[in-house]
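Please read the structure below before turning to the comments.
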Amino acid sequence: VIDNRLQYFKPHASRIEKTFAEEISFSLNRHCKFISPKFFYDKKGSDLFEKICMLPEYYPTKTEITILKKLQNELPSYLDKNFRVVELGSGASVKTRIILDIFSQIYDVVEYFPIDISEILAESSESLLKDYDHLHITGIIDTYEGGLEFLKNYDEKKNLILFLGSSFGNFSPVDGHEFLQKINSTMKKGDLFLIGLDLVKDRQILESAYDDSQGITAEFNLNVLSRINDELDADFNLNNFSHHSLYNEHDQRIEMYLKSLVNQSVVISKSDLLLNLEKDELIHTEYSHKYKLSDIHKLLDDVGFDIKHTWLDDKNYFSLTLASK
Ligand code: AVI
């Protein structure tokens with residue numbers, strides 16, 4: 001029964017992408033060293049992120065879920081009889097289920113297109129199909145860009161494109177702008193875009209969300225070094241690094257780093273790199289931007305979106321904005 005309700009596409013074969021080894025060779029061979037946050041999410045990293053989402057200090061996931069629940073009454077008024085759900089970075093599917101529940105009230109058959117580069121897509125798709133017997137899934141195993149390319153001119157059915165969890169906040173401002181443009185140009189008239197963005201708030205709340213008392217965020221950050229050890233034949237000693245994060249108020253973002261605790265040299269064989277680090281030197285691993293409502297309006301407005309509504313939680317910690325083209 002499940003088989004004919006599930007299909008996968010892996011459309012990215014034609015694009016030339018740098019390998020993990022090449023990207024690391026480039027990003028650690030510079031004066032300001034960095035590791036792209038996309039490399040956090042191997043199996044261990046994805047599991048650690050799921051743990052982060054449940055931490056008492058990490059408010060974004062819980063807060064977004066309370067806002068999504070509020071949408072149960074309001075979203076249907078924006079949908080006509082011809083919508084499917086598309087999700088960028090589907091991951092584990094707690095939040096998706098709230099949207100699928102809303103769709104199930106409206107449609108006899110619900111179509112869902114998750115777009116995710118990670119293996120988790122298959123796992124979560126199969127578990128969704130077990131719980132929703134009128135659900136049809138087309139899993140697109142690719143980068144966001146590849147998935148959007150696949151969606152462009154796909155058919156006449158309208159798309160509600162979800163981009164939840166403030167994942168957008170992990171882009172640099174320039175890349176974020178470009179990505180919103182890409183989403184906007186993929187959309188046809190009548191399509192909708194629902195984006196979850198984290199809001200500017202008290203420094204202390206932000207900083208403890210990214211440096212929790214159980215040390216899970218630290219483990220998540222350090223895990224990228226284990227991944228490099230395993231996949232690129234490197235010899236990082238994790239005891240020689242610490243998790244370092246701070247809120248940069250001027251740029252409205254959490255910045256995460258790995259701090260070298262000693263002068264050290266690390267070999268990364270598959271990247272052909274001998275990495276020299278000084279004591280206290282930082283490797284940048286993530287930005288997590290926070291927004292004011294006026295920033296969100298400007299971001300979306302600048303690429304030609306028409307904002308329909310923004311929902312907030314009671315404490316104004318997090319936002320969900322619905323926009324059309
Ligand atoms: C995935 N992303 C939206 C998370 C965030 O909050 O920026 C990643 C994360 N990094 C540390 N904690 C969570």
Side-chain angles (χ1 to χ4, degrees), residues 34-65 67-68 87-96 114-118 120-121 124 143-144 162-173 175-176 179-180 194-227 241-248 251-259 282-291 295-296 299 313 317-321:
F34 71 94
I35 298 172
S36 165
K38 71 181 173 202
F39 297 126
F40 280 142
Y41 303 94
D42 63 351
K43 173 77 179 104
K44 175 97 190 289
S46 302
D47 289 347
L48 285 166
F49 180 62
E50 292 307 316
K51 269 191 174 177
I52 288 176
C53 292
M54 290 186 281
L55 290 169
E57 295 97 331
Y58 193 74
Y59 60 83
T61 313
K62 294 183 271 285
T63 314
E64 191 175 40
I65 288 173
I67 307 173
L68 279 168
E87 185 168 20
L88 294 163
S90 40
S93 50
V94 184
K95 293 181 237 171
T96 315
I115 301 172
D116 207 307
I117 194 80
S118 139
I120 290 186
L121 187 144
S124 57
T143 58
Y144 295 155
L162 309 177
F163 195 25
L164 302 177
S166 207
S167 294
F168 177 78
N170 297 134
F171 282 120
S172 71
D175 291 349
F179 189 62
L180 284 181
L194 184 68
I195 182 164
L197 292 172
D198 197 9
L199 301 177
V200 165
K201 58 184 69 61
D202 211 69
R203 166 184 294 274
Q204 202 211 320
I205 298 168
L206 287 168
E207 289 191 337
S208 55
Y210 290 83
D211 194 7
D212 63 278
S213 56
Q214 294 171 50
I216 310 292
T217 310
E219 210 185 318
F220 172 74
N221 197 10
L222 284 154
N223 177 60
V224 77
L225 299 181
S226 301
R227 180 175 183 187
F241 292 87
S242 68
H243 168 67
H244 179 68
S245 66
L246 58 96
Y247 183 57
N248 172 339
D251 294 319
Q252 292 179 201
R253 64 192 183 204
I254 288 283
E255 300 181 358
M256 271 190 4
Y257 300 91
L258 290 161
K259 186 192 250 184
L282 300 174
I283 300 174
H284 175 244
T285 51
E286 189 178 64
Y287 289 138
S288 190
H289 289 88
K290 311 300 165 189
Y291 303 89
D295 301 328
I296 297 173
L299 274 173
D313 58 296
Y317 274 11
F318 203 90
S319 66
L320 275 173
T321 299

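For ligands, and for the atoms within them, numbers begin at 1 and follow the listed sequence.
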Exercise. Does Tyr287 come within less than 4.0 Å of ligand 1, judged by its heavy atoms?
Worked result: no
Exercise. Hey, does Gly165 sit under 4.0 Å from ligand 1 if you only count heavy atoms?
Worked result: yes
Closer than 4.0 Å to some heavy atom of [X] - which atoms of ligand 1 meet that?
| X | value |
| --- | --- |
| Tyr58 | 4 (C), 5 (C), 6 (O), 12 (N), 13 (C) |
| Phe49 | 1 (C), 4 (C), 8 (C), 13 (C) |
| Ser166 | 3 (C) |
| Tyr41 | 1 (C), 8 (C) |

Problem set entry | Salt-bridge criterion met for Asp251 and Arg253 (N-O under 4.0 Å) | yes
Problem set entry | Residues Asp47 and Lys51 bridged, charged N to O under 4.0 Å | no
Suppose we call two aromatic rings close when their centres sit under 6.0 Å apart. Are [X] and [Y] close by that rule?
| X | Y | result |
| --- | --- | --- |
| Tyr210 | Tyr247 | no |
| Phe163 | Phe179 | yes |
| Tyr287 | Phe34 | no |

Problem set entry | Met256 side, atom CE; Asn221 side, atom CG - distance, nearest 0.5 Å | 4.0 Å
For this session: Please write down residue, atom name and distance for the protein heavy atom closest to atom 9 (C) of ligand 1.
Result: Glu286 OE1, 3.5 Å
Is there a polar contact, in the sense of an N or O pair closer than 3.5 Å, between [X] and ligand 1?
| X | answer |
| --- | --- |
| Ser167 | no |
| Ser288 | yes |
| Asn170 | yes |

Exercise. Does Phe220 approach ligand 1 within less than 4.0 angstrom via side chain, backbone, both or neither, non-hydrogen atoms only?
Worked result: side chain
Exercise. Are the side chains of Asn248 and Ile254 in touch, meaning some heavy atoms are under 4.5 Å apart?
Worked result: no
For this session: Evaluate the side-chain proximity of Pro56 to Gln214: yes if any heavy-atom separation is below 4.5 Å, no if none is.
Result: yes
